[in-house]
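These numbers come from a predicted model, not from an experiment. Every chain is numbered from 1 and lettered A, B, ... according to where its sequence line falls, protein lines coming before strand lines.
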Protein chains: 2
Amino acid sequence: MDFLQQLGPVALGSRLRRLSEHLTGEAAGIYADYGLSFQPRWYPVFYLVAQQPGITSQEIVEQIGHTHASVSQIVKELVRQGLLVMAVDAQDQRRRRLQLTPAGHEVLPSLRVQTEDVGRVMQVLVSEGSPGLWQALTALEEQLRRQPLRARVAVTRAAREGAPVVVRDFRAGDQPAFRALNVDWIERHFALEPADLKALDQPEHYILTPGGCILLAEMGGQVVGACALLKQDEHSYELAKMAVSPAVQGRRIGQRLGEAAVQRARALGARRVYLESNTKLTAALGLYHKLGFQHLPQAIPSPYARANVQMELVLH
Amino acid sequence: MDFLQQLGPVALGSRLRRLSEHLTGEAAGIYADYGLSFQPRWYPVFYLVAQQPGITSQEIVEQIGHTHASVSQIVKELVRQGLLVMAVDAQDQRRRRLQLTPAGHEVLPSLRVQTEDVGRVMQVLVSEGSPGLWQALTALEEQLRRQPLRARVAVTRAAREGAPVVVRDFRAGDQPAFRALNVDWIERHFALEPADLKALDQPEHYILTPGGCILLAEMGGQVVGACALLKQDEHSYELAKMAVSPAVQGRRIGQRLGEAAVQRARALGARRVYLESNTKLTAALGLYHKLGFQHLPQAIPSPYARANVQMELVLH
DNA sequence: TACTTTTGTGTAAGTACTTACATAATTTAG
DNA sequence: CTAAATTATGTAAGTACTTACACAAAAGTA
């Protein structure tokens, strides 16, 4: 009957829009039931002004995630409805501070009551009726933020077309990709730690400047893998931040990166390469073993809570 | 950071719209990557015409769930782009049969390839990244179809305000509510059976005409509970299709319905009331016991697979 | 100090749909 | 066999946002 459902995930966008439209339509009717001549789309803005009197448009934008144009339009309408007043800020004349009018305060109680009833219904719908919807949406948004759909498709395409994998050095502008790849697997298996954030947010400062290097695997114009060599001392480097995009796992990209890293370490004058890992990461441990790394007795203190395996490769 | 998330399920609509917009925007970029000057919104229509040459606009509408206006506009654009041709049907001159042009056929292969790549990515995103999203959406849509949000809120409000519960007889137009209430709990605990569908789809024919009756509990203008008496013979009735909306459970509405049903059975000249239930439904069994029903040894064959308890109330 | 850049806001136009209205061809009813 | 209802389609205008452009006030810079 419903073709979109049969078509599969491709039509997700269309489907979400339809659901959204349906919910908004219902919401309009519900406001009417409560005797409120109030539009659903006003709600977030009105609510924020009620909660934080004197808030500016820009602050609202930051909190609700719409564009400033949208907020500007909603504010204009609310002012015209006599529910909000706008006053130019004394210190900064660009800012307009918003407040509820007496009429706005009058609407507030019934709005609160209605919100509570709707909230209760939605709670039942979302938690009992369709468990996991909220978390699934959050997860999807997070995934898309980490790597946009377009980039994911590009990677999949390149993989399908058997595009060559190129290993190259980190360049300016690679930081977001480097970060995303690592955040992805770390959050999948463990939790991000302060030491991760330092290295991932400012790789130049924490990795390159001290004499280390970052290698990236590129396929079809997309960064699909990464690893880093951190300089420990003149003849010793640590291999870390090894990550490969799930879309291209199984194509020996990790091996290519690992080999390139060892080769680079040798070129940099290393006599040994050290690494930390976790027993959960069996694929990675297999790779390290293949590269010639040997297990060390757990001895050296690590800044990472997840490290429960330490390995070393002695270079001749 | 994201206020909508903190606000809770009330903002679900807005959130879905944002996600939808994001996905559509990404899709447009992906088409460009594949060298297609093709808009995402064309896809379902174009796809259907490719699959079913000679399809009419109306048939497309039925399959993709958009309005006819939307399909009409998309078709117009596709014709203007030279991807589709429209021909008036010979038998029925209102119908316009659609087909791909040679240019349309030329686009098809790269579109298919692209669709497959996108599909693979979405599969990973939706199944691994945000498990349950698809089912959760389906469940939510199903719930909303069964009872619209507005009606749910009305029930919750009436319950909060302590609105009186009125038990009354089935009237014309009550069938959808009667059906929805029962489908809801049956699908929650068991599976719908053919015998259910007969009684729920045509209650007049299968319940009222043979001499039975249907009682509904109404609160705040919404039907929140139901039960039926089916005539077995001159002095024997079966109590069935007892259902109370989850939003108002715990307010003794089941008890009100049960008492009313027993009273009605007495008025109809019954000497006994019989019922079938299931051991899983402890709340219902408790209610039946309270009403004076006694367990029978499982003996009578039932048209319902879920029936594993049989009870009887002897009226004096 | 004058300049460029950034920030806060507003407006116009676009988007992917919708609802509302219109019209012709066909089917149904009396 | 004609009138009324239904069906298939088209178009205009609305919706809840968006992007793109504009501009003044403030902040940073030479």
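Under the 4.5 Å side-chain criterion, counting only non-hydrogen atoms from C-beta, A:Leu16 is not in contact with B:Arg18. Side-chain contact between B:Tyr31 and B:Ser37: absent, with no pair of heavy atoms (C-beta onward) separated by less than 4.5 Å. Residues A:Val45 and A:His66 are not in side-chain contact: their nearest non-hydrogen atoms beyond the backbone lie 4.5 Å or more apart. Counting only heavy atoms from C-beta outward, the side chains of A:Phe38 and A:Gln114 never approach each other to under 4.5 Å.
At the heavy-atom level, A:Thr67 lies under 4.0 Å from base atoms of the strands shown. Note on B:Gln73: a base of the nucleic acid sits closer than 4.0 angstrom, heavy atoms only. Counting any heavy atom pair closer than 4.0 Å across all strands shown, A:Arg17 reaches a base atom. Backbone-only contact: A:Gln91 has heavy atoms under 4.0 Å from sugar-phosphate atoms and none from a base.
Checking C:dG8, C:dT18, C:dA16 against every side-chain atom of B:Thr24, the shortest atom distance belongs to C:dA16. When distances are taken from the side chain of B:Arg94 to each of C:dT18, C:dA24, D:dA26, the shortest belongs to C:dA24. When distances are taken from the side chain of B:Ile74 to each of C:dC17, C:dG8, D:dT9, the shortest belongs to C:dC17. Taking every side-chain heavy atom of A:Ser70 into account, D:dC17 is the closest of C:dT26, C:dA12, D:dC17. Here D:dA16 is the nucleotide among C:dA16, D:dA16, C:dG10 with the atom lying nearest to any side-chain atom of A:Arg41. Listed nucleotides: D:dA8, D:dC17, C:dT9. Nearest to the side chain of A:Ser57: C:dT9.
Protein atom CG of B:Asp92 is 10 Å distant from nucleotide atom C1' of C:dT27, rounded to whole Å. Straight-line distance from the NE2 atom of B:His66 to the C1' atom of C:dA16: 9 Å, rounded to whole Å. Look at CD on A:Glu77: it is 13 Å from P on C:dG10, rounded to the nearest Å. Taking atom CD1 of B:Ile64 as the reference point, atom C1' of C:dT18 lies 13 Å away to the nearest angstrom. Rounded to an integer number of Å, the gap from A:Arg96 CZ to D:dA25 C1' is 10 Å. Atom CD in A:Glu62 sits roughly 10 Å away from atom P in C:dT7 (whole-Å rounding). Between the CH2 atom of A:Trp42 and the C1' atom of D:dT15 there is a distance of 14 Å, given to the nearest Å. Separating the OH atom of B:Tyr43 from the P atom of C:dA16 is a distance of 17 Å, rounded to the nearest angstrom.
Looking at A:Glu26, its side chain does come within 3.5 Å of a backbone N or O of B:Arg150 through a donor-acceptor pair. Side-chain atoms of B:Arg160 never come within 3.5 Å of backbone atoms of B:Val155 as a donor-acceptor pair (strictly under, hydrogens ignored).
In this structure, A:His68 forms an aromatic stack with the base of C:dT9, since both conditions hold: centre separation below 5.5 Å and plane angle below 30°.
Under 3.5 Å, the side chains of A:Asp201 and A:Tyr206 contain no donor-acceptor pair of N or O atoms. Side-chain polar atoms of A:Thr115 and A:Tyr43 form a donor-acceptor pair below 3.5 angstrom.
DNA chain C is contacted by no residue of residues 80-90 of chain B, taking any non-hydrogen atom closer than 4.0 Å.
Within the 4.0 Å cut-off from OP1 or OP2 of C:dA16, at least one side-chain nitrogen or oxygen of B:Gln39 is found. Side-chain nitrogen and oxygen atoms of A:Lys76 include at least one within less than 4.0 Å of the OP1 or OP2 phosphate oxygen of C:dT11.
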